[in-house]
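Below, chains carry the letters A, B, ... as their sequence lines are ordered, and counting in each starts from 1. The structure presented is a predicted model; accordingly, all values stated were derived computationally and were not measured.
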Amino acid sequence: MRVSQLFYQTLKEVPREAQIPSHQLMFRAGMIQQLAAGIYNYLPLAHRSIRKLETIIREELEKKGCQEVLLPYVQPSELWEESGRWGYYGPELLRFKDRKGGDFCLGPTHEEVITDMVRRNLKSYRQLPWNIFQIQTKFRDEVRPRFGLMRGREFIMKDGYSFDIDEQASKVTYKKMYDAYTAIFNRCGLKFRAVDAATGNIGGDMSHEFQVLAQSGEDLILSCNKCDYAANVEKAVTIRKEGTPDSTLFKDMEKVHTPASRTIEEITEFLKRPMEDFIKSILYVVDEEPVLALIRGDLDINEAKLQTLLSANSVELADDKTVLDITGATTGFAGPAGLKKKVKILADYSVTGRENMVAGANEDDYHVINVNYGKDYEADQICDIAFAAAGNICPHCDGVLEEHRGIEVGQVFYLGTKYSSAMKCTYLDKDGKDQLAVMGCYGIGVGRTVAAAIEQHHDEDGIIWPAALAPYESIVLPLQMNKEEVIKTGEELYEQLKIAGIDAVLDDRDERAGFKFKDADLIGYPVQIIIGARSLENGEVEVKIRKTGEKKNMPVRDVVSFVNDYIQKEKGI
RNA sequence: CGGGAUAUAGCCUAGUGGCUAAGGCGCCUGCUUUGGGAGCAGGAAAUCGCAGGUUCGAGUCCUGCUAUCCCGACCA
């Protein structure tokens with residue numbers, strides 16, 4: 001491609017709405033343009049990077065025996081009603097009617113459609129396993145799209161679904177996909193961690209997220225400083241060394257007047273006792289059922305853990321009226337004592353390992369002190385519902401958890417039979433009996449991965465593409481466009497690079513050298529081949545490596561093999 | 001959905017009730033220049049987000065709407 005013909009325009013200034021490096025640089029490099037909130041045009045440079053990533057994905061998935069399909073993104077409501085998600089998916093699902101008044105939605109994900117497609121073809125155990133994927137545009141009407149391609153409403157996703165005869169086979173598939181994802185992100189030249197993840201409302205009981213480590217990441221991950229344990233903070237197991245309470249120290253529970261002390265901060269200040277002495281009692285409505293969650297005052301309740309623990313579809317804080325109905329007090333004075341029969345109580349391990357704690361009295365302006373587990377209250381379940389934090393002990397070894405920020409570029413789920421049972425996706429086993437297919441699902445955010453690569457690889461001059469994702473691998477820069485020899489050498493090198501199978505562009509614009517350099521650095525071509533009149537007199541040109549800034553003079557005839565070797569090495573081939 | 005902000009040419013901005021809406025980037029023409037976003041001269045490009053209102057007069061003040069961004073909540 002000749003730069004004079006390339007459909008793009010670079011900008012010196014950053015549009016106000018672009019906040020993070022990948023968004024700013026993709027905009028400045030003429031890769032994307034916003035059409036509406038969270039909806040973007042992909043210009044040729046962006047599209048080339050995306051296609052390169054898609055090729056890597058296809059190659060690695062096909063190695064694992066996956067097959068590609070293309071499913072509709074307009075989907076009828078019936079399938080979503082069958083799975084139950086039409087009801088609780090929420091406004092993120094963009095719904096509309098067709099001319100006949102039929103309900104449809106834009107597909108945010110494709111479990112329903114794929115399960116429907118598979119059940120119509122699946123007859124026998126002999127057909128399985130099947131592992132089917134597509135690369136396609138998804139739409140999720142996010143409340144707050146942001147950060148360019150990082151969180152769009154419309155976005156390109158690779159989504160794959162596996163169907164196996166039983167749990168054991170499905171987990172073998174899961175492992176294969178985990179390995180495929182590792183290979184894919186390695187080929188992209190990304191630094192990432194696969195972390196334990198919550199499953200949210202997609203369901204299932206095992207999941208890993210692939211997190212690209214970057215400052216601007218929206219996710220918080222905790223990883224062990226000794227072993228390979230790593231988890232999303234939503235999922236990270238909380239291990240703390242809790243003492244066993246000594247019942248001989250138990251004092252009698254006593255009510256104290258604590259006017260206008262509703263929050264933990266207010267009450268610790270009022271009673272002059274440490275936060276660890278308090279039982280934070282928070283009332284949730286879990287699938288329309290009230291649940292009182294107890295946790296030590298210095299910790300926070302992790303709603304994702306609550307959801308998983310109760311296999312719930314929704315977890316919401318109770319409103320003021322519900323709090324009054326159940327506890328008999330306004331919000332801020334709830335406590336476990338006396339509520340045993342009125343509400344399900346879940347206690348975090350943290351509240352059961354300590355004597356003589358403080359809790360709300362279920363009466364306005366009163367708390368109770370010397371509250372002890374087993375004596376003054378009991379819970380239906382003692383469990384881990386706390387947010388883990390940096391400094392916690394690793395659940396797998398004696399290491400300590402450290403905090404990182406990550407961008408979730410992929411996630412793998414073991415789904416079990418959630419969708420196959422809801423939608424009757426069955427096969428006949430050896431004995432001629434109906435069995436549910438066991439499913440997994442696997443996603444990669446394609447645009448987000450490209451953006452994540454930029455987040456991880458850029459400097460003040462622009463993008464530094466990993467060779468595998470670069471829209472073009474090299475640029476030929478003839479510097480003096482009034483010198484015939486320079487132009488001719490540029491044309492020749494450009495042709496030779498293409499013949500050698502290297503993606504190259506020729507900057508044939510009649511621009512000054514500095515202008516071309518700035519553009520080349522901004523767009524981030526991994527290799528620049530700089531042709532200047534002076535070195536050309538010695539038969540040499542200069543090759544600059546974008547990643548290191550290193551420049552090297554070499555004879556014209558050596559350039560193609562040098563570039564080829566470098567690119568191959570960078571791509572890990 | 002709560003809180004905050006913004007909307008002037010393709011992009012970044014100025015314009016604080018008064019003459020023909022100004023500058024930079026980018027774009028076009030010519031000259032000049034050719035190793036880090038050069039210089040000079042000329043030029044095209046704006047329904048000042050939309051709709052009402054106040055006023056002799058509105059980009060500027062008021063009301064409503066819309067869009068976009070930020071924080072939070074939310075998020076397979």
Side-chain angles (χ1 to χ4, degrees), chain A residues 8-20 23-24 27-28 30 33-39 83 85 88-93 107-112 138-148 150-153 155 157-161 197-204 207-209 218-219 232 234 303-304 307 313-317 408 410-413 415 418-419 440-445 448 460-462 477-483 486-487 507 509-523 528 530-536 541-542 544 549 551 553:
Chain A
Y8 85 121
Q9 167 147 52
T10 54
L11 296 176
K12 284 188 204 170
E13 280 154 325
V14 189
R16 203 176 8 198
E17 65 260 24
Q19 298 291 319
I20 60 168
H23 188 188
Q24 293 175 343
F27 199 96
R28 283 189 54 208
Q33 281 173 350
Q34 182 170 321
L35 189 62
I39 300 177
S83 72
R85 290 206 289 186
Y88 64 82
Y89 205 100
E92 200 181 315
L93 186 64
T109 175
H110 279 65
E111 282 80 10
E112 281 78 2
K138 296 282 184 283
F139 194 93
R140 295 182 189 174
D141 200 357
E142 294 276 353
V143 196
R144 184 143 104 80
R146 60 189 133 175
F147 301 150
M150 210 56 90
R151 180 171 294 274
R153 292 195 292 169
F155 59 99
M157 182 173 174
K158 188 292 292 186
D159 52 323
Y161 308 86
T199 51
N201 82 355
I202 199 161
S207 177
H208 286 86
E209 287 169 351
E218 291 186 87
D219 291 340
N232 191 304
E234 289 182 350
E303 293 176 18
Q307 182 173 12
N313 287 324
S314 78
V315 173
E316 285 169 20
L317 276 176
E408 182 202 330
Q411 188 164 10
V412 292
F413 295 87
L415 289 176
K418 173 170 170 151
Y419 296 92
C441 77
Y442 317 93
I444 292 177
R448 187 186 281 182
E460 64 280 6
D461 294 320
L477 296 169
L479 296 188
Q480 296 86 13
M481 293 303 285
N482 55 354
K483 298 248 164 64
V486 171
I487 294 173
D507 195 343
R509 297 172 300 176
D510 186 14
E511 293 289 352
R512 295 165 60 84
F515 190 92
K516 292 186 176 184
F517 287 141
K518 288 288 186 194
D519 250 18
D521 286 346
L522 175 61
I523 293 170
Q528 300 173 9
I530 300 163
I531 303 164
R534 250 170 290 153
S535 24
L536 200 55
V541 299
E542 188 175 84
K544 176 180 159 184
K551 292 178 180 174
N553 281 301

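Look at CG on A:Asp510: it is 14 Å from C1' on B:G30, rounded to the nearest Å. With rounding to whole Å, A:Leu11 atom CG is found 15 Å from B:A9 atom P. For A:Ile487 and B:U34, the CD1 to C1' distance is 12 Å, given to the nearest whole Å. Rounding to whole angstrom units, CZ of residue A:Phe27 and P of B:G10 are separated by 12 Å. In this structure, A:Glu13 places its CD atom 12 Å from C1' of B:G37, rounding to the nearest Å. We find that CG of A:Leu317 is positioned 14 Å from C1' of B:G72, with the value rounded to whole Å.
Side-chain atoms of A:Glu17 lie closest to B:C69 of the nucleotides B:G35, B:G37, B:C69. In this structure, of B:C11, B:C1, B:G35, it is B:C1 that holds the atom nearest to the side chain of A:Val143. Picking from B:G36, B:C75, B:C70 the nucleotide with the shortest atom distance to the side chain of A:Lys518 gives B:G36. Of the candidate nucleotides B:G37, B:C74, B:C69, B:C69 has the atom nearest to the side chain of A:Gln19. Of the candidates B:G35, B:U34, B:C70, B:G35 carries the atom nearest the A:Leu479 side chain, counting heavy atoms from C-beta on.
Phosphate contact (OP1/OP2 of B:U33, side-chain N/O of A:Arg512, threshold under 4.0 Å): absent. For B:C70, one of the phosphate oxygens OP1 or OP2 lies less than 4.0 angstrom from a side-chain nitrogen or oxygen of A:Arg144. OP1 or OP2 of B:C69 lies within a sub-4.0 Å distance of a side-chain N or O belonging to A:Gln34. Residue A:Lys12 places at least one side-chain N or O closer than 4.0 Å to OP1 or OP2 of B:G26.
Using a 4.0 Å heavy-atom distance criterion, A:Glu303 is classed as a sugar-phosphate-only contact. Heavy atoms of A:Arg153 sit nowhere under 4.0 angstrom from any nucleic acid atom. Within the nucleic acid shown, A:Glu218 has no heavy atom closer than 4.0 Å to any nucleic acid atom. Among the protein residues, A:Asp521 comes within range of the nucleic acid bases, having at least one heavy atom under 4.0 Å from a base atom.
When Watson-Crick and G-U wobble pairs are counted only if both distances are under 3.5 Å, B:C61 pairs with B:G53. The pairing partner recorded for B:C40 is B:G30, the criterion being a Watson-Crick or G-U wobble arrangement whose two distances lie under 3.5 angstrom.
Counting heavy atoms from C-beta outward, A:Asp521 and A:Gln528 have side chains that approach closer than 4.5 Å.
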